[in-house]
Amino acid sequence: MTTRMPTIIEVAAMAGVSTATVSRVLSRPEQVSAETRRHVLEIVRSSGYTPNVAARSLRTLRAAKILLTVPDISNTFFASVIRGAEEAARDTGYAVVVGDTRHDPEVEDQYADMLSRREVDGLIFLGHRLPASLGPLLARKGAAAPIVNGCEYSPDLGVPSVHIDNAAAGADAIDHLIALGHRTIGIVTGTGISPISRDRLAGAIDAAHRAGLRDGLHVRVGDYSAGSAVAPTRELLACNVTAIFCFSDEMAMGALSAIGDAGLSCPRDVSVIGFDDLPLARYFQPPLTTIAQPKGMIGRRAVELLVDVLRGIDGPRKQVTLRHELVVRHSTAAPDRS
C-alpha cells in the first residue's frame, strides 16, 4: 500500500497558513519570517510533501538546479563543501548538480555550457578559473550574472566569492612553527597557478620575514594530493628541516609517509602541519596539526550568494571572507636539540 503525498493545499492547512505562504517558503524564503519559515518547513518535512519542480520550472522558465563544479572530486575536502551547498540549496528550493572538471579547461567549458543552455539556473565553481565560454555572459550581465566562486578567490575573476584569508592562514601556520622554536622550515605548496597557493606562500614568507627567518624557508611544489608530497618531502629532509608545512592535509599525509620511510618520526624528528582539517586529520598517526577551513559554510554561503543573484537582489559583487582556525594536535612540537 502506497502513501499518498499531500497537496500544497493540505500542507497549508496543516501549517495554518495560506498556500501562497507555503509557496514563498519554498521558493522565496527571504520574504517570510524566520519563525513562519521554520514552522512551514517542519510541516513540509514531516508530511513528505514534495513540490512539483517540473511544473514550477515551466511556469518560471527556471530549471530549479544549481551547477557546482569541483576541480578534483576525489579530494575529500570538496565533499564537505558540496554537502554544505546541497543543504543550503535544498532550503531554498534548488537541487545541486555536481561536475568534476579534473582541472581540464575543456571540461570546465562543457559544464559551463549547461548554464548557457539554461539547463541550470546558476554556477558555483570551486576552481581558480572562470570557464572561458562564460566571459561574454559575465561581460553582458555584470553583477547579475548567476556565477559564484568558492575557495579560490581572485579579484581578477570578477564574480562573487566565498573564501578564507589564505595569506593570514599561511602566516598562522609558520608563526606556530616559529613559536615552537623551528628555524629551518620546509613548505610543500600547491601549483603556482592557484591563487590559494600564492596567497598561502605569501603569508608564510611574510611571517618568516617578520621573524628574521626568510633564509630558513625551503619551498617545494606539490599538487595537493598525498603522492605529490612524497618526493618534495625527501628533498626537504635532505635540507635538514625540522618542520614541514603542507598546503593540504592530503599532502601532509604524503609527508608523514616519506618521513617514516626515511626512518624518522613525527614530531620527534620533524614536525608536520597541514591545511583543511579533513575529517581524518585527527586520526592520522600522529593526529595532525592543521589549518581548519569552514568547509560546509563555504558551500552554504556560496549558494546563498548565488540565490541572491537569481532573485535579483541588488548590490555590489560580494566577497565573503570566512574565519579559519589553527587546530593544534600532536604532529607539531619543539625541535629536538639533543
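All residue numbers in this chain count up from 1 along the given sequence. Given the structure is predicted, the values throughout are model-derived calculations rather than measurements.
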**OP:** Return yes if some donor-acceptor pair links the side-chain N/O of Ser331 with the main-chain N/O of Pro286 below 3.5 Å, else return no.
**Re:** no

Original post:
Passes side chain to side chain contact (heavy atoms under 4.5 Å, CB included), Tyr94 versus Leu306? Steps please.
Top reply: CA-CA 11 Å; Tyr94 286 89; Leu306 182 59; over 6 Å; no

Subject >> Criterion side chain to side chain contact (heavy atoms under 4.5 Å, CB included) on Phe247 and Ile187, from CA distance to verdict >> reply: CA-CA 8 Å; Phe247 282 10; Ile187 296 178; 3.5 Å; yes

Original post:
Going from CD1 on Ile291 to CZ on Phe245, what distance comes out if it is rounded to the nearest 0.5 angstrom?
Top reply: 6.0 Å

Original post:
Are there more than 12 heavy atoms of other residues, nucleotides or ligands under 6.0 Å from atom NE2 of His218?
Top reply: yes

**OP:** Inspect the surroundings of CE in Met297 and state if more than 12 heavy atoms from other residues, nucleotides or ligands are less than 6.0 Å away.
**Re:** no

Subject >> Intermediate values then yes/no, side chain to side chain donor-acceptor pair (under 3.5 Å), Ser197 and Tyr224 >> reply: CA-CA 10 Å; Ser197 291; Tyr224 291 102; 2.5 Å; yes

Original post:
Does the Lys295 side chain pair with the main chain of Arg83, one donor and one acceptor, at a distance under 3.5 Å?
Top reply: no

Original post:
Does Thr290 use its side chain to pair, donor to acceptor, with the backbone of Asp277 at less than 3.5 Å?
Top reply: yes

Subject >> Donor-acceptor contact present, side-chain Thr92 to main-chain Ala88, <3.5 Å >> reply: yes

Subject >> Flag side-chain contact, heavy atom, 4.5 Å: Ile298 against Cys151 >> reply: yes

Original post:
Is there side-chain contact between Asp175 and Arg210, with heavy atoms separated by less than 4.5 Å?
Top reply: yes

Original post:
Is the backbone N or O of Ile205 less than 3.5 Å from a side-chain atom of Arg214, with the two atoms forming a donor-acceptor pair by type?
Top reply: no

Original post:
Can you tell me how far OG1 of Thr289 sits from NE2 of His330, rounded to the nearest 0.5 angstrom?
Top reply: 8.5 Å

Original post:
Nearest 0.5 Å, what's the OG1-CD distance between Thr69 and Glu108?
Top reply: 7.0 Å

**OP:** Determine, stepwise, if the pair Thr36 / Ser33 fulfils side chain to side chain donor-acceptor pair (under 3.5 Å).
**Re:** CA-CA 5 Å; Thr36 299; Ser33 71; 3.0 Å; yes

Original post:
At what distance, to the nearest 0.5 angstrom, does CG of Leu278 lie from CZ of Phe284?
Top reply: 6.5 Å

**OP:** Examine distances only and state if a side-chain atom of Thr101 and a backbone atom of Val107 form a donor-acceptor pair shorter than 3.5 Å.
**Re:** no

Original post:
Taking atom CD1 of Ile185 and atom CG of Leu177, what is their separation to the nearest 0.5 Å?
Top reply: 5.0 Å

**OP:** Find out whether Val270 and Cys266 are in side-chain contact, i.e. whether some heavy atom of one side chain is under 4.5 Å from a heavy atom of the other.
**Re:** no

Subject >> Electrostatic pair Arg45:Asp91 at N-O distance under 4.0 angstrom >> reply: yes

Original post:
Considering residues, nucleotides and ligands other than Ile9, do more than 12 of their heavy atoms fall under 6.0 Å from its CD1?
Top reply: no

Original post:
Does Ser133 offer a backbone N or O that forms a donor-acceptor pair with the side chain of Asp109 under 3.5 Å?
Top reply: yes

Subject >> Spacing of CD1 belonging to Ile244 relative to NE2 belonging to His182, to within rounding of 0.5 Å >> reply: 10.5 Å

Original post:
Within a reach of under 6.0 Å around CD of Glu87, are more than 12 heavy atoms found that belong to other residues, nucleotides or ligands?
Top reply: yes

**OP:** Find out if a path of hydrophobic residues (ILVMFWY) with successive side-chain heavy-atom gaps under 4.5 Å connects Val309 to Ile147.
**Re:** no

Original post:
Of all heavy-atom pairs between Ala207 and Ile178, which one has the smallest distance, and what is that distance?
Top reply: O-CD1, 4.1 Å

**OP:** Verify, without hydrogens or angle tests, whether Thr184 (side chain) and Gly216 (backbone) share a donor-acceptor contact under 3.5 angstrom.
**Re:** no

**OP:** Answer yes or no: is there a donor N or O on one side and an acceptor on the other, between the side chain of Asn149 and the main chain of Gly127, under 3.5 Å?
**Re:** yes

Original post:
Under 3.5 Å, is there a donor-acceptor pair between the side chain of Arg183 and the main chain of Thr242?
Top reply: no

